[in-house]
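Inspection log for the structure reproduced underneath, given as structure tokens.
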4 protein chains.
Amino acid sequence: MARAKDEKKRQTILLAAKTLFSRQGFFNTSVTDITRETGLPVGSIYTYFKGKEEIVRAIVDEGWGDLRNRLVTTVSSAETPEEKLKLIIDQFLPEVLNDLDLVNILLSEAITYTKIEEKVEELSGIILALLKAVAKDNKALSGLDKKMMDTALVVYFLGIMASVKVSRASSIGLKVGDILKFIKYTVGSSLGVDLR
Amino acid sequence: MARAKDEKKRQTILLAAKTLFSRQGFFNTSVTDITRETGLPVGSIYTYFKGKEEIVRAIVDEGWGDLRNRLVTTVSSAETPEEKLKLIIDQFLPEVLNDLDLVNILLSEAITYTKIEEKVEELSGIILALLKAVAKDNKALSGLDKKMMDTALVVYFLGIMASVKVSRASSIGLKVGDILKFIKYTVGSSLGVDLR
Amino acid sequence: MARAKDEKKRQTILLAAKTLFSRQGFFNTSVTDITRETGLPVGSIYTYFKGKEEIVRAIVDEGWGDLRNRLVTTVSSAETPEEKLKLIIDQFLPEVLNDLDLVNILLSEAITYTKIEEKVEELSGIILALLKAVAKDNKALSGLDKKMMDTALVVYFLGIMASVKVSRASSIGLKVGDILKFIKYTVGSSLGVDLR
Amino acid sequence: MARAKDEKKRQTILLAAKTLFSRQGFFNTSVTDITRETGLPVGSIYTYFKGKEEIVRAIVDEGWGDLRNRLVTTVSSAETPEEKLKLIIDQFLPEVLNDLDLVNILLSEAITYTKIEEKVEELSGIILALLKAVAKDNKALSGLDKKMMDTALVVYFLGIMASVKVSRASSIGLKVGDILKFIKYTVGSSLGVDLR
DNA sequence: AATGAATGAGTCTTCATTCAT
DNA sequence: TATGAATGAAGACTCATTCAT
């Protein structure tokens with residue numbers, strides 16, 4: 001009896017907060033803002049979340065969980081490592097970059113609650129395993145040691161995200177498409193694989 | 001004389017604020033924190049700066065100005081484009097990454113007041129000109145169009161900075177040295193130039 | 001049957017609340033605390049009580065009723081006034097002081113809802129009647145007028161309770177036993193009766 | 001330069017808070033209440049005190065300091081221990097009981113911040129020393145051991161205060177004068193001294 | 001110019017109570 | 001009747017900035 005917690009309401013809060021945090025930043029978004037955006041009374045926000053921090057954490061954790069799942073799905077939907085990599089770049093990466101709000105929040109000053117380093121490490125792990133498999137029969141990659149591949153992944157991943165974030169915030173003439181094209185070219189040529 | 005004394009105070013404020021903003025974030029640093037760190041009265045802060053925002057802006061603008069100057073100096077201290085590029089990677093980049101506080105702030109949520117996109121564009125411009133010069137006689141680069149080179153620069157630059165920031169904040173096993181090594185290798189091989 | 005179950009729940013609430021109010025104070029105890037302690041849903045609390053205030057009131061009234069009953073029982077279980085007094089001190093008072101939680105609450109800020117003055121007056125009345133009976137043939141007491149005896153009772157009673165409360169809350173080297181011993185001695189000697 | 005902290009303002013806050021805490025209790029008094037009562041803006045309250053707790057603590061500590069000073073002054077203004085005791089009862093105690101607000105707060109639920117046990121111990125110490133001096137040549141007292149005298153002091157002191165508090169809050173027919181009369185009589189007769 | 005007290009809008013959060021289910 | 005989500009007024013406190021001295 002009594003009402004059950006309403007998952008839809010929880011999502012409403014999460015969605016509104018995500019937009020606001022992304023647009024105005026975590027610290028410039030007040031709980032009252034979320035209240036206004038959702039039309040919910042303050043109390044309800046606290047029925048679903050312990051506080052503002054827990055909201056960001058939920059946004060990031062759940063958003064990231066989604067991405068991770070998509071990565072895993074993507075990877076397992078192809079046979080060879082080469083095809084897997086191709087899918088990562090053609091399918092997974094565009095999906096990530098599509099969720100601009102999430103990217104924005106991941107790199108925001110609320111980074112403290114965000115533990116982006118853990119996420120990046122997790123992702124790197126998955127892709128790194130793939131690269132090793134590719135590398136076995138690949139002259140181009142065999143010259144790279146593990147550390148350098150790891151570094152490369154982190155730099156590329158964060159570089160892509162930061163570029164998207166910055167280019168979005170400004171009138172810099174950089175589009176998501178440009179970035180994807182660059183990555184495709186770079187990865188392709190460094191692996192000696194045609195990802196075109 | 002009065003001027004000298006003033007400028008010293010101004011720098012004291014700037015330095016303290018830089019450390020604090022980097023360590024605790026812009027929004028988690030109060031003007032009172034700056035007051036404590038500098039030992040100056042609140043009033044003095046407002047004698048030198050219109051407000052908190054103006055302090056970040058000054059930190060970023062002046063820090064960036066420094067970097068720009070160094071880049072220009074570096075570039076002009078070598079003859080051939082190849083040598084210039086080498087110096088950029090061997091001298092300029094390490095200098096940038098040495099100023100971790102500045103990097104931190106540049107990428108922070110205060111990005112709003114920071115106009116990082118303008119800075120990146122400016123820097124890109126300088127390097128891009130160089131790359132074009134190198135590219136003229138370089139097969140590796142002639143395949144890249146202007147847009148892609150531009151994109152590459154932005155992605156690498158922001159990727160490096162974000163990696164340094166993230167790796168600093170966490171226990172991710174990534175050192176500044178690793179990142180520099182990676183960049184050297186990547187740029188070297190993509191230009192067909194030995195930057196060893 | 002339904003009644004029995006109900007009454008049990010009611011007592012559960014009362015008991016938990018008593019402990020909590022005593023330990024943390026009335027204002028620092030939330031209805032949610034009671035909820036947690038009892039394992040009952042909030043709604044149930046309000047099924048049995050109109051609100052938080054009514055809970056303290058019930059604790060105090062029922063606790064006090066108990067004490068009054070014991071006092072009456074005690075008093076009627078002896079023959080002479082002297083024996084009655086002896087029992088009050090030897091049996092009743094220790095029982096009162098044993099219920100530290102009640103004492104705590106009686107003297108707490110919840111005094112507002114508690115009408116402690118009425119209780120004290122009631123108690124005084126009973127004992128005063130006794131004292132008068134004793135006094136008739138007692139030189140020591142005949143010098144005291146009614147008013148002063150009344151005052152004495154109130155001061156001693158509240159003094160004992162406050163001492164117990166305070167000594168419990170702190171490391172003051174005062175034990176319940178010390179207080180009882182003192183009272184015994186004082187009353188005994190002022191009545192010229194040996195209560196040893 | 002700049003304004004100096006205004007001791008008068010601090011006292012205004014303290015006085016208003018004292019009245020309010022005494023009348024409505026600590027937890028039922030909001031900082032806004034203090035604001036209203038004093039006419040000061042919220043911020044100013046926090047310029048002078050870290051928070052609500054610090055305000056009670058200041059009220060209690062300073063009020064108590066006053067009392068202690070008066071006690072010491074009183075005690076040193078007489079020659080013999082007997083005269084000192086007389087003054088304590090005739091002069092000091094009435095002064096204490098005159099500050100009903102303080103008494104109220106000392107015994108309130110905010111007792112946690114109030115450390116009344118320390119105060120009582122301090123006071124006991126002073127008076128106990130006196131009593132010992134009196135006891136040397138006093139038959140009535142020589143039967144009491146130190147522990148019991150200590151207990152007596154605590155019980156009487158708290159009993160007096162609690163009685164005053166309770167009688168004030170209610171229509172109980174107990175006046176401060178009655179209480180003082182009782183104490184005078186009791187102490188007098190137990191010491192075999194005429195304090196009339 | 002230097003100082004730091006003064007200010008009050010705004011922040012996050014709590015919590016007793018109600019009421020839909 | 002039992003339940004616990006819903007509610008929103010109220011709470012304590014912060015802090016960038018101003019301005020009296």
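Small disclaimer: the values here were computed from a predicted structure and weren't measured. Sequence lines set the chain letters: A, B, ... in the order given, protein chains first and strands last, and positions in each chain run from 1.
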Reckon T29(A) touches a base, only the sugar-phosphate, or nothing at all at heavy-atom distances under 4.0 Å?
sugar-phosphate
In plain terms, say whether R23(A) and D101(A) are close enough for a salt bridge, that is, a side-chain N and a carboxylate O under 4.0 Å apart.
no
Look at all strands and tell whether T47(D) reaches a base, only sugar-phosphate, or nothing, counting heavy atoms closer than 4.0 Å.
base
Rounded off to whole Å, could you give me the CD1-to-C1' distance for the I13(D) and dC13(F) pair?
14 Å
Is a side-chain N or O of S44(D) found less than 3.5 angstrom from the main chain of L40(D), in a donor-acceptor match?
no
Within the structure shown, what part of the strands sits under 4.0 Å from V31(D) by heavy-atom distance: base, sugar-phosphate, or nothing?
sugar-phosphate
Atom pair distance, as rounded to whole Å: CZ in R36(B) and C1' in dT14(F):
12 Å
According to a strict under-4.0 Å criterion, is S44(C) in side-chain N/O contact with OP1 or OP2 of dT3(F)?
yes
Between dA16(F) (P) and I34(B) (CD1): distance, integer Å:
8 Å
Rounding to an integer number of Å, can you tell me how far F26(B) CZ sits from dC15(F) C1'?
13 Å
May I have the distance from N28(B) (atom CG) to dT14(F) (atom C1'), rounded to whole angstrom?
13 Å
Compare the minimum distances between each of dA2(F), dG8(F), dA6(E) and the side chain of D6(D), then state the nucleotide with the smallest one.
dA6(E)
Does a salt bridge link R10(D) with E62(D), judged by any charged N lying under 4.0 Å from a carboxylate O?
yes
Among dG4(F), dA16(F), dG4(E), the one nearest A2(D) by side-chain distance:
dG4(E)
Using a 3.5 Å limit for the pairing distances, which stems of at least 3 consecutive Watson-Crick or G-U wobble pairs does DNA chain F take part in?
E:2-21 with F:2-21
Starting at atom CD1 of I45(C), determine the distance to atom P of dT18(E), rounded to an integer number of angstrom.
14 Å
Atom CZ of R10(C) and atom C1' of dA2(F): how far apart are they, to the nearest Å?
18 Å
Minimum-distance nucleotide (side-chain atoms of Y48(A) versus dC12(E), dG8(E), dA6(F))
dA6(F)
Taking only the side-chain nitrogens and oxygens of K9(A), find out if one of them lies under 4.0 Å from OP1 or OP2 of dA5(F).
no
Checking all strands, does F49(B) fall into the base, sugar-phosphate, or nothing category for heavy-atom contacts under 4.0 angstrom?
nothing
Verify the contact: side-chain N or O of Y46(C) to OP1 or OP2 of dT3(F), cut-off strictly under 4.0 Å; return yes or no.
no
Starting at CG of L40(D) and ending at C1' of dT7(E), how long is that distance when rounded to a whole Å?
11 Å
Would you indicate which nucleotide in dC19(E), dT11(E), dT3(F) comes nearest to any side-chain atom of P41(C)?
dT3(F)
On a heavy-atom basis, which atom in W64(A) and which in V120(A) lie closest, and how many Å separate them?
CZ2-N, 4.3 Å
Could you check whether K119(D) pairs with D61(D) (Lys NZ or Arg NE/NH1/NH2 to Asp/Glu carboxylate O, under 4.0 Å)?
yes
